[in-house]
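A quick note: this is a predicted structure, and the numbers were derived from the prediction, not measured.
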Amino acid sequence: MALTGRTALLAALGSLPVALLEPSWLGVAAVNSPLAVAMMCDYALAAPVRKLRFTRSGDTNVRQGEMAVTSLHLTNASSRPLRALIRDAWPPSNAVPETTNTSRHRVEVPAGGTRDLHTQLRPARRGEAVAHSVTVRSYGPLGLVSRQATRPVPGSLRVLPPFHSRRLLPAKTARLRELDGRTSALGRGEGTEFDSLRRYVPGDDTRSIDWRATARRSEVAVRTWRPERDRRVLIVLDTGRTSAGRVGDAPRLDAAMDAALLLAALASRAGDRVDLLAFDRELRAQVRGKAAPQLLPALVDGLASLEPRLVETDTPGLAAEILRSTPRRALVVLLTTLDAAPVEEGLLPVLGRLTDRHTLLVASVADPRLAEMATARGTVEKVYQAAAAHKAQAERDRTAGLLRRRGVTVVDAPPAELASALADAYLSAKAAGKL
């Protein structure tokens, strides 16, 4: 039995010693019999928690940062009316701000009655949010004492990546259509798939002249091209130690995921076949062989529980997994770091094996703080910070240069710009016929 604030007040009025304010029935009865009788009656009339029945319903998945509603269906199977305070306990990272917290419910349910309790959640972390129990404090009609117990009521909510860059997809798709000739004329000499013949105009590449068609006509004819469709794109997420570094208020891996989702959505609309794998020292996630309508849901679900691991990435193992899983030539988009040590000691030794078979694009999340620090002046401390920022950026540029000299396309952009920059690099490669 738990004493309420009202009981404590009545006990004080009845000259109860403070030592007897514990749930000791004999002590209360010995000093203040009327209060003891009232408490016993109140306790007896409180609905027993063990006879309450709970079932869950509501949302089962939600994007990170968006609102979800989970519901508890409460059945009062006892013969007494229920007056209770009920807490549906979800992890703190899923709670809405305290000013609008709906996880605590004060209810009154008649004997044999039911009630639906709705709890709003706004998850701040990806993955599987799990609720194990519901805590019930059942009061008697006088509110003097209460019965309290915790009941196991398992529930889960799958928190998916937010996909902030989705807003960029219409603009990138419009550019893709321009490249593909659906909304505007094709550029001269672009692409790798033959599209049609047209009349030669000064400035056309003479290598595009179709001499057989010219012989049949009274004018010089040139071939036009369009970006090749039905190519393979493999997106690779490095989930090792460097992906755990925070840029702003989120790990680098989150920005890489967002860029991967935009690229996958764009490439699937271009008719390319998109696969994804995540790797550090072992394969952490894989999505393969999905048709365009199922691709994005499968990627979002596969990435939901993915978290960085504080281990050095096994780059030779990563290269072996890429070559094993994608034997045919493809565009391999590797989202990793441009830090000097991991690239020079890990990626460069296996680079030849990858570029011999595939077209490689390396994308990395840059820290915008470097640019801010590089322009800082005014104090000795800020000057030292600026020097450190210039040195870090110079090392990063040198590493990117090493990759570019080996035929690798490099994208290095802050988190807010990475998805757009990666999509533009893909479109440029497609327009140039490099895929």
Undergrad: Mark yes or no for whether Ser420, through its side chain, and Glu417, through its backbone, hold a donor-acceptor pair below 3.5 Å.
TA: no
Undergrad: Given 3.5 Å as the limit, does a donor-acceptor pair link the side chain of His358 with the main chain of Thr326, or not?
TA: yes
Undergrad: Run the side chain to side chain contact (heavy atoms under 4.5 Å, CB included) test on Tyr139 and Arg106 for me, step by step, so that the C-alpha distance in whole Å, both residues' side-chain angles and the decisive distance to 0.1 Å come before the verdict.
TA: CA-CA 11 Å; Tyr139 294 92; Arg106 190 170 293 277; 4.1 Å; yes
Undergrad: Out of curiosity, Leu253 CG to Leu335 CG, how far, rounded to the nearest 0.5 Å?
TA: 9.0 Å
Undergrad: Considering only NZ, NE, NH1 and NH2 on the basic side and carboxylate oxygens on the acidic side, decide whether Glu372 and Lys382 come within less than 4.0 Å.
TA: no
Undergrad: Would you say Pro123 and Val62 make side-chain contact, with heavy atoms under 4.5 Å?
TA: yes
Undergrad: If you look only at pairs with a residue in residues 49-69, which of them pass as a side chain to side chain donor-acceptor pair (under 3.5 Å), with sequence neighbours excluded?
TA: Arg56-Asp88
Undergrad: Any donor-acceptor pair under 3.5 Å linking the side chain of Arg115 with the backbone of His73?
TA: no
Undergrad: Would you say Arg125 has more than 12 foreign heavy atoms packed within less than 6.0 Å of its CZ?
TA: no
Undergrad: What are the two closest heavy atoms between Leu295 and Ala264, and how far apart are they?
TA: CD2-O, 3.8 Å
Undergrad: According to salt bridge (Lys or Arg N to Asp or Glu O under 4.0 Å), who are the partners of Arg83, at least two apart in sequence or on a separate chain?
TA: none
Undergrad: Do side-chain atoms of Asp42 reach the backbone of Leu142 as a donor and acceptor pair under 3.5 angstrom?
TA: yes
Undergrad: If you measure from CG on Leu276 to CG on Leu306, what distance do you get to the nearest 0.5 Å?
TA: 8.5 Å
Undergrad: To check you understand the geometry: which heavy-atom pair defines the closest contact between Leu262 and Ala419, and what is its length?
TA: CD2-O, 3.5 Å
Undergrad: Tell me if a side-chain donor or acceptor on Arg151 pairs with a main-chain N or O of Thr135 at a distance below 3.5 Å.
TA: no
Undergrad: So, Arg281 side chain and Asp314 main chain: donor-acceptor pair closer than 3.5 Å or not?
TA: no
Undergrad: Any side-chain heavy atom of Asp424 within less than 4.5 Å of one from Arg175?
TA: yes
Undergrad: So, do Leu402 and Leu348 sit near enough that their side-chain heavy atoms are less than 4.5 Å apart?
TA: yes
Undergrad: Do any pairs count as a side chain to side chain donor-acceptor pair (under 3.5 Å) and have a residue in residues 287-298, sequence neighbours left out, and if so which ones?
TA: none
Undergrad: Using modelled atom types only, decide if a donor and an acceptor are shared between the side chain of Asn76 and the backbone of Pro110 within a distance under 3.5 Å.
TA: yes
Undergrad: Within a strict 4.5 Å, meaning less than it, do heavy atoms of the Ser71 and Leu117 side chains meet?
TA: no
Undergrad: Of all residues at least two apart in sequence or in a different chain, which pass the salt bridge (Lys or Arg N to Asp or Glu O under 4.0 Å) check with Glu344?
TA: Arg398
Undergrad: I'd like to check Val287 versus Val274 (side-chain heavy atoms, cut-off strictly below 4.5 Å). Are they in contact?
TA: no
Undergrad: Output the distance between atom CZ (Arg232) and atom CG (Asp272), rounded to the nearest 0.5 Å.
TA: 11.0 Å
Undergrad: Which heavy atom of Pro415 sits nearest a heavy atom of Pro368, and at what distance?
TA: CD-CD, 4.0 Å
Undergrad: Write out all pairs satisfying side chain to side chain donor-acceptor pair (under 3.5 Å) with one or both partners inside residues 240-252, taking only residues at least two apart or from two chains.
TA: Arg241-Glu312
Undergrad: Using every non-hydrogen atom in the two residues, find where Ala47 and Ser78 come nearest and quote the distance to one decimal.
TA: CB-OG, 3.9 Å
Undergrad: Out of curiosity, Asp275 CG to Leu234 CG, how far, rounded to the nearest 0.5 Å?
TA: 6.0 Å
Undergrad: Can you measure from CZ (Arg357) to CG (Leu360) and round to the nearest 0.5 angstrom?
TA: 13.5 Å
Undergrad: Donor-acceptor pair, Arg87 side chain versus Val134 backbone, under 3.5 Å?
TA: no
Undergrad: Donor-acceptor pair, Asp258 side chain versus Ser165 backbone, under 3.5 Å?
TA: yes
Undergrad: Which heavy atom of Leu338 sits nearest to which heavy atom of Ala400, and what is that distance?
TA: CD1-CB, 4.4 Å
Undergrad: Can you spot which of Asp238, Asp280, Thr239 makes a side chain to side chain donor-acceptor pair (under 3.5 Å) with Thr313?
TA: Asp238
Undergrad: What heavy-atom pair brings Ala340 and Thr399 nearest, and what distance separates the two atoms?
TA: CA-OG1, 3.6 Å
Undergrad: Taking the side chain from Thr75 and the backbone from Ala77, do they hold a donor-acceptor pair closer than 3.5 Å?
TA: no
Undergrad: For Arg324, give me all partners under salt bridge (Lys or Arg N to Asp or Glu O under 4.0 Å), at least two apart in sequence or on another chain.
TA: Glu321
Undergrad: When rounded to the nearest 0.5 angstrom, what distance separates CG in Leu422 from CG in Leu266?
TA: 9.5 Å
Undergrad: Does some side-chain heavy atom of Met257 sit less than 4.5 Å from a side-chain heavy atom of Leu237?
TA: yes
Undergrad: Can you find a pair of side-chain heavy atoms, one from Trp90 and one from Val130, that are under 4.5 Å apart?
TA: no
Undergrad: Within the structure provided, determine whether Thr119 and Val69 are in side-chain contact (heavy-atom separation under 4.5 Å).
TA: no
